[in-house]
Amino acid sequence: MANRVQIPTNNSSLIAMIADEDTIVGFLLAGVGNVDIRRKTNYLIVDSKTTVKQIEDAFKEFTSREDIAIVLISQFVANMIRFLVDSYNKPVPAILEIPSKDHPYDPTHDSVLSRVKYLFSNESVASDRR
């Protein structure tokens with residue numbers, strides 16, 4: 001228990017989103033959107049004009065903000081910045097890859113799922129040794 005990582009808690013944590021317009025609009029209609037006093041939003045709408053640099057910057061911003069607990073990112077967008085998503089290893093904010101209307105979910109590209117599979121395969125190997 002002494003080596004457990006303390007996860008910071010905040011009463012007003014946000015969900016950030018990086019996805020296509022339809023996905024973002026759905027979450028905004030559900031009440032997930034936020035604009036702070038500096039006119040910063042908690043989402044990035046990705047379309048054909050969005051550059052990879054803009055996506056990278058939004059991902060870095062969202063993962064460094066104290067008020068964000070979860071970053072939802074469409075899997076097709078995550079594939080554009082796969083090196084950043086795969087190298088991210090902090091517990092908060094959690095990164096979750098989601099499907100979009102035009103791009104179905106592919107579990108072989110999901111970094112969180114691959115980490116879970118890796119952990120369970122190591123645990124099952126370790127439990128067999130006992």
Side-chain angles (χ1 to χ4, degrees):
M1 288 275 221
N3 292 336
R4 293 191 74 136
V5 175
Q6 192 68 19
I7 297 175
T9 57
N10 189 346
N11 290 339
S12 60
S13 296
L14 299 173
I15 296 175
M17 300 160 289
I18 305 173
D20 60 288
E21 184 175 17
D22 292 338
T23 303
I24 298 287
V25 168
F27 278 99
L28 292 178
L29 289 172
V32 175
N34 183 60
V35 179
D36 65 12
I37 58 175
R38 295 172 306 204
R39 308 290 297 161
K40 287 271 200 189
T41 61
N42 65 327
Y43 57 88
L44 173 69
I45 297 175
V46 178
D47 58 14
S48 60
K49 297 175 187 162
T50 308
T51 66
V52 174
K53 175 84 167 105
Q54 290 172 311
I55 298 168
E56 289 174 5
D57 291 344
F59 182 83
K60 290 175 184 175
E61 177 191 344
F62 293 154
T63 55
S64 64
R65 282 177 50 178
E66 297 280 327
D67 62 338
I68 292 180
I70 300 171
V71 176
L72 299 176
I73 184 168
S74 288
Q75 193 174 51
F76 83 96
V77 176
N79 287 337
M80 293 181 196
I81 58 166
R82 180 59 58 196
F83 62 96
L84 276 178
V85 174
D86 287 346
S87 64
Y88 183 80
N89 59 6
K90 296 179 184 171
V92 176
I95 309 299
L96 298 175
E97 295 181 31
I98 59 173
S100 65
K101 184 174 79 172
D102 298 327
H103 303 279
Y105 175 75
D106 182 4
T108 60
H109 290 119
D110 191 334
S111 61
V112 174
L113 186 61
S114 65
R115 288 179 190 176
V116 169
K117 283 182 180 178
Y118 175 76
L119 288 174
F120 279 115
S121 67
N122 284 345
E123 284 181 12
S124 63
V125 168
S127 65
D128 289 342
R129 292 181 189 162
R130 293 181 195 167

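Residue indices begin at 1 and follow the sequence shown. Only a predicted model underlies this, so the values are computations on that prediction, with no experimental measurement involved.
Within the 4.5 Å cutoff, no side-chain heavy atoms of Met80 are placed close to those of Glu56. At least one side-chain heavy atom of Phe76 sits less than 4.5 Å from a side-chain heavy atom of Ser100. Counting only heavy atoms from C-beta outward, the side chains of Asp57 and Gln54 never approach each other to under 4.5 Å. In this structure, Asp47 and Asp20 have side chains that are not in contact, with every pair of non-hydrogen atoms separated by 4.5 Å or more.
In this structure, CG in Leu72 is found 5.0 Å from CD1 in Ile98, a value given to the nearest 0.5 Å. The distance from the CG atom of Leu96 to the CD1 atom of Ile73 is 10.5 Å, given to the nearest 0.5 Å. For the atom pair OG1 (Thr41) and CE (Met17), the distance works out to 8.5 Å, reported to the nearest 0.5 Å. Taking CD1 of Ile81 as the start and CD1 of Ile55 as the end, the distance is 6.5 Å to the nearest 0.5 Å.
Of the possible donor and acceptor atoms, one in the side chain of Asn42 sits under 3.5 Å from a partner among the backbone N and O of Asn34. For the pair Tyr88 (side chain) and Pro93 (backbone), a donor-acceptor distance under 3.5 Å is present.
Partners of Phe27 by ring-ring contact (aromatic ring centres under 6.0 Å, His included), not counting sequence neighbours: none found. Qualifying salt bridge (charged side-chain N to carboxylate O under 4.0 Å, His left out) partners for Lys49, counting only residues two or more places apart in sequence or in other chains: none. The side chain to side chain donor-acceptor pair (under 3.5 Å) search around Ser74 returns none, not counting sequence neighbours. For Ser64, there are no side chain to side chain donor-acceptor pair (under 3.5 Å) partners at least two apart in sequence or on another chain. In terms of the side-chain contact (heavy atoms from CB on, under 4.5 Å) criterion, residue partners of Ile45 (sequence neighbours excluded) are, by chain and number, Glu21, Ile24, Tyr43.
Following chains of ILVMFWY side-chain contacts shorter than 4.5 Å, one cannot reach Val35 starting from Ile70, and the two form parts of different hydrophobic clusters. The hydrophobic clustering, which links ILVMFWY residues whose side-chain heavy atoms are closer than 4.5 Å, places Val52 and Ile18 together. Leu14 is not connected to Leu29 by any chain of hydrophobic side-chain contacts under 4.5 Å among Ile, Leu, Val, Met, Phe, Trp and Tyr, and they are in different clusters. No single ILVMFWY cluster, assembled from side-chain heavy atoms under 4.5 Å apart, contains both Phe59 and Ile15.
Applying side-chain contact (heavy atoms from CB on, under 4.5 Å) to Thr63 and the options Val85, Ile95, Ile68, Leu84 leaves one that passes, Ile95.
Comment: Asp86 engages Arg82 in a salt bridge, judged by a side-chain N to carboxylate O separation of less than 4.0 angstrom.
In the hydrophobic clustering, where aliphatic and aromatic side chains (Ile, Leu, Val, Met, Phe, Trp, Tyr) are joined below 4.5 Å either directly or transitively, Ile37 stands alone.
Nearest approach of Leu44 to Ala58, heavy atoms of both residues: CD2-CB, 3.6 Å.
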